[in-house]
Amino acid sequence: MSLLLQLFASFFQIGLFSIGGGYAAMPLIKAEVVDLHGWLTAVEFADLVTIAEMTPGPITVNSATFVGMKVAGLAGVVVATLGNILPSVIIMLILAKLYEKYAQQTLLKRILEGVRPVVVAAIFTAGLGLLQLALGSVTAPDLFAVVVSIISFLILNSRRVKIGPIALLAIGAVVGIGYALLF
Amino acid sequence: MSSDTDNRWEKKGKPTINLRFYLKLFWTTFTLSMFTFGGGFVIVSLMRKKMVVELGWIDDEEMLDFVTIAQSSPGPIAVNGSLMVGYHLAGIPGALVATLGTILPPMIILTVVSLGYKAVADNPIIAAAFSGMRAVVAAIVLQVSWALFKPLAEKREVLPILLFVLSFLALFVFKVNIMIVMVAVILFSVVHSLILVRKEKHS
């Protein structure tokens, strides 16, 4: 099997079996990319995890791009990424169609209503995790991060100040650089 | 703290589908994806801010449904979630445009980064920018969970609050995998709904 086909098949499998968020996919990616095909060394894989955490985007798409680029250049990037998202696209199109058709049905409506508090709890948990990450340690938190987080929260919660989340992130980046240069 | 949160958004309904809309959808998903480092729930929070509050394309309940479906299906939540919104707004073309907008930023960035990632990882300016953005991202996600929690609390029903507290404890304190929590609550809801349906028939 040619290299491009192998890349496609490998990332198709990763896409198909990575249910439940990025960290669930890590062992799967390692098994395919490091252990089975040897496309990355263990050290390169550790670097990939660091980069994936620092850069935007889903970890599986990041891995597909990174491995594709290393193994087969831009063609590899396109093939690996397409392979990676194809299972999602197919399955989600079917589910989206079903949702539009049955969302108003009592049973499904009730089930989805039941799960909504879980999603809110999951988003809250993710937020707390991100806060921990931003503050460093809980006992001696990074004061700069505390101030930035509180001000951002107040701005987002206010109806008078109209700054979108993306503009706010850009401001956060600039403030972070300014703070590092000053102190 | 101002009590005026963005809960009073108005759903403007489905937009007119034309080239302008597709460009807007592409640009929206592209910019959202560009800033979603730190896991799938970040894009969900940004999506709510942008698509529910600013654009009025979907409402909060639809968004939570999309997250539920995106989370319990294979593949990244970010890709699945955008695809659902795109399909909801404009069918299959909308789904494909939203998906493309979501995967292009990581593809471009990782392609560039893979060429010289040591320089990027060790760059103090980039590290400083990230420390600032991390603090903002935490605030965004927390504020969105607050805005979503409030209508839940205002209903004054015991069950949703109880489910919220229990799943929060399971996720945050006991570190239970979210898939397990979701499957458990889905099973519970199925049984609960069936009992309710039965009661309604009898009465």
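In what follows, every heavy atom counts, from backbone to side chain, and hydrogens, waters and symmetry copies are set aside. Note on naming: letters A, B, ... go to the chains in the order of the sequence lines (proteins, then strands), and numbering restarts at 1 for each one.
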Note to self: Can you confirm whether more than 12 heavy atoms, excluding those of A:Lys70, are under 6.0 Å from its NZ atom?
What the structure shows: yes
Check: Quick check, are the ring centers of B:Phe168 and A:Phe124 under 6.0 angstrom apart?
Finding: yes
Notebook entry, point to check: By a 4.5 Å heavy-atom criterion (distance strictly below it), what part of B:Leu163 contacts chain A: side chain, backbone, both, or neither?
Noted result: both
Notebook entry, point to check: Checking B:Glu157 against chain A: side chain, backbone, both or neither under 4.5 Å from a heavy atom?
Noted result: neither
Item checked: Heavy-atom pair with the smallest gap, counting every atom of B:Pro76 and A:Thr60 -> CG-OG1, 3.4 Å
Check: Where do B:Met107 and A:Val78 come nearest, in terms of heavy atoms and distance?
Finding: CE-CA, 4.1 Å
Checklist line | Under 4.5 Å from a heavy atom of chain A, the part of B:Leu152 involved | finding: side chain
Next item on the list: For residues B:Ala95 and A:Leu93, report the shortest heavy-atom separation together with the two atoms involved.
Entry: CB-CD2, 3.7 Å
Checklist line | Residue B:Leu32 versus chain A: region with a heavy atom under 4.5 Å | finding: both
Check: With respect to chain A, which residue among B:Leu162, B:Thr68, B:Asp65 yields the maximal number of heavy-atom pairs within a distance under 4.5 Å?
Finding: B:Asp65
Next item on the list: I would like to know whether B:His192 and A:Arg110 meet side chain to side chain contact (heavy atoms under 4.5 Å, CB included); could you show each step before the answer?
Entry: CA-CA 9 Å; B:His192 183 70; A:Arg110 283 214 177 108; 5.8 Å; no
Note to self: At a heavy-atom distance under 4.5 Å, which candidate from B:Val190, B:Leu159, B:Thr99 has the highest pair count against chain A?
What the structure shows: B:Val190
Next item on the list: Mind listing the closest non-hydrogen atom pair of B:Leu142 and A:Gly127 along with its distance?
Entry: CD2-C, 3.7 Å
Notebook entry, point to check: Checking side chain to side chain contact (heavy atoms under 4.5 Å, CB included) for the pair A:Met92/B:Tyr87: CA distance, chi angles, key distance, verdict?
Noted result: CA-CA 9 Å; A:Met92 289 308 292; B:Tyr87 185 89; over 6 Å; no
Check: Checking heavy atoms, do the side chain of A:Lys97, its backbone, both or neither come under 4.5 Å from chain B?
Finding: both
Next item on the list: Answer with side chain, backbone, both or neither: which region of A:Tyr179 has an atom nearer than 4.5 Å to a non-hydrogen atom of chain B?
Entry: neither
Notebook entry, point to check: Pick from B:Gly86, B:Ala128, B:Ala78: which one has the most heavy-atom pairs with chain A under 4.5 Å?
Noted result: B:Ala128
Note to self: Need one label for A:Leu181: side chain, backbone, both or neither, based on atoms under 4.5 Å from any heavy atom in chain B.
What the structure shows: side chain
Checklist line | Which of A:Ser63, A:Ala96, A:Ala180, A:Pro58 touches chain B most, by non-hydrogen pairs under 4.5 Å | finding: A:Ala96
Next item on the list: Please determine, among A:Ile166, A:Val175, A:Val148, A:Ile151, the option with the most heavy-atom pairs under 4.5 Å with chain B.
Entry: A:Ile166
Item checked: Side chain / backbone / both / neither for B:Leu171 at chain A, heavy atoms under 4.5 Å -> both
Notebook entry, point to check: Are the aromatic rings of B:Phe66 and A:Tyr99 close, with centres under 6.0 Å apart?
Noted result: yes
Notebook entry, point to check: Pick from B:Ala135, B:Ser131, B:Ala70: which one has the most heavy-atom pairs with chain A under 4.5 Å?
Noted result: B:Ala135
Next item on the list: Check A:Leu131, A:Leu130, A:Leu168 against B:Val137 for a side-chain contact (heavy atoms from CB on, under 4.5 Å) and give me the one that passes.
Entry: A:Leu130
Margin query: side chain to side chain contact (heavy atoms under 4.5 Å, CB included), that's the test. Do B:Gln71 and A:Val119 meet it? Break it down for me.
Written below: CA-CA 9 Å; B:Gln71 167 77 46; A:Val119 179; over 6 Å; no
Notebook entry, point to check: Nearest 0.5 Å, what's the CZ-CD1 distance between B:Phe130 and A:Ile177?
Noted result: 10.5 Å
Note to self: Between B:Ile103, B:Leu115, B:Val181, who has the most heavy-atom pairs with chain A when the cutoff is under 4.5 Å?
What the structure shows: B:Ile103
Notebook entry, point to check: Quick one: does B:Leu110's side chain get under 4.5 Å of A:Val61's, heavy atoms only?
Noted result: no
Next item on the list: Determine the option with the most heavy-atom pairs under 4.5 angstrom with chain A, choosing from B:Val165, B:Val79, B:Ile69.
Entry: B:Ile69
Next item on the list: With the side chain counted from C-beta on, respond yes when B:Ile140 and A:Ser152 share a heavy-atom pair under 4.5 Å apart, and no when they do not.
Entry: no
Checklist line | Neighbour count above 12 (heavy atom, 6.0 Å) for B:Lys199 NZ | finding: no
Notebook entry, point to check: Non-hydrogen atoms of chain A under 4.5 Å away: do they reach the side chain of B:Ser45, the backbone, both or neither?
Noted result: side chain
Check: Considering only heavy atoms, which portion of B:Pro105 lies under 4.5 Å from any heavy atom of chain A: side chain, backbone, both, or neither?
Finding: neither
Notebook entry, point to check: Say you draw a straight line from NE2 of B:His88 to CD of A:Glu100; how long is it, rounded to the nearest 0.5 Å?
Noted result: 5.5 Å
Checklist line | Side chains of A:Thr65 and B:Pro106 in contact at under 4.5 Å (non-hydrogen atoms) | finding: no
Margin query: Show the nearest heavy-atom pair for residues A:Val115 and B:Ser189, with the distance to one decimal.
Written below: N-OG, 4.4 Å
Note to self: For A:Glu113, which atoms come within 4.5 Å of any heavy atom of chain B: side chain, backbone, both, or neither?
What the structure shows: neither
Item checked: Contact origin within B:Ile108 toward chain A - heavy atom pairs under 4.5 Å -> neither
Margin query: Please classify the contact between A:Leu74 and chain B as side chain, backbone, both or neither, with a heavy-atom cut-off of under 4.5 Å.
Written below: side chain
Note to self: Between A:Leu95 and B:Ser73, does the side chain to side chain contact (heavy atoms under 4.5 Å, CB included) criterion hold? Intermediate values first, please.
What the structure shows: CA-CA 9 Å; A:Leu95 291 177; B:Ser73 317; 3.2 Å; yes
Margin query: With a 4.5 Å cut-off on side-chain heavy atoms, are A:Leu133 and B:Arg134 touching?
Written below: yes
Next item on the list: Among the options A:Val174, A:Asn84, A:Ile85, A:Leu108, pick out the one with the most heavy-atom pairs lying under 4.5 Å from chain B.
Entry: A:Ile85
Check: Quick one: do A:Lys109 and B:Glu62 make a salt bridge, cutoff under 4.0 Å?
Finding: no
Check: What are the two closest non-hydrogen atoms of B:Gln143 and A:Phe153, and how far apart are they?
Finding: CA-CE1, 3.3 Å
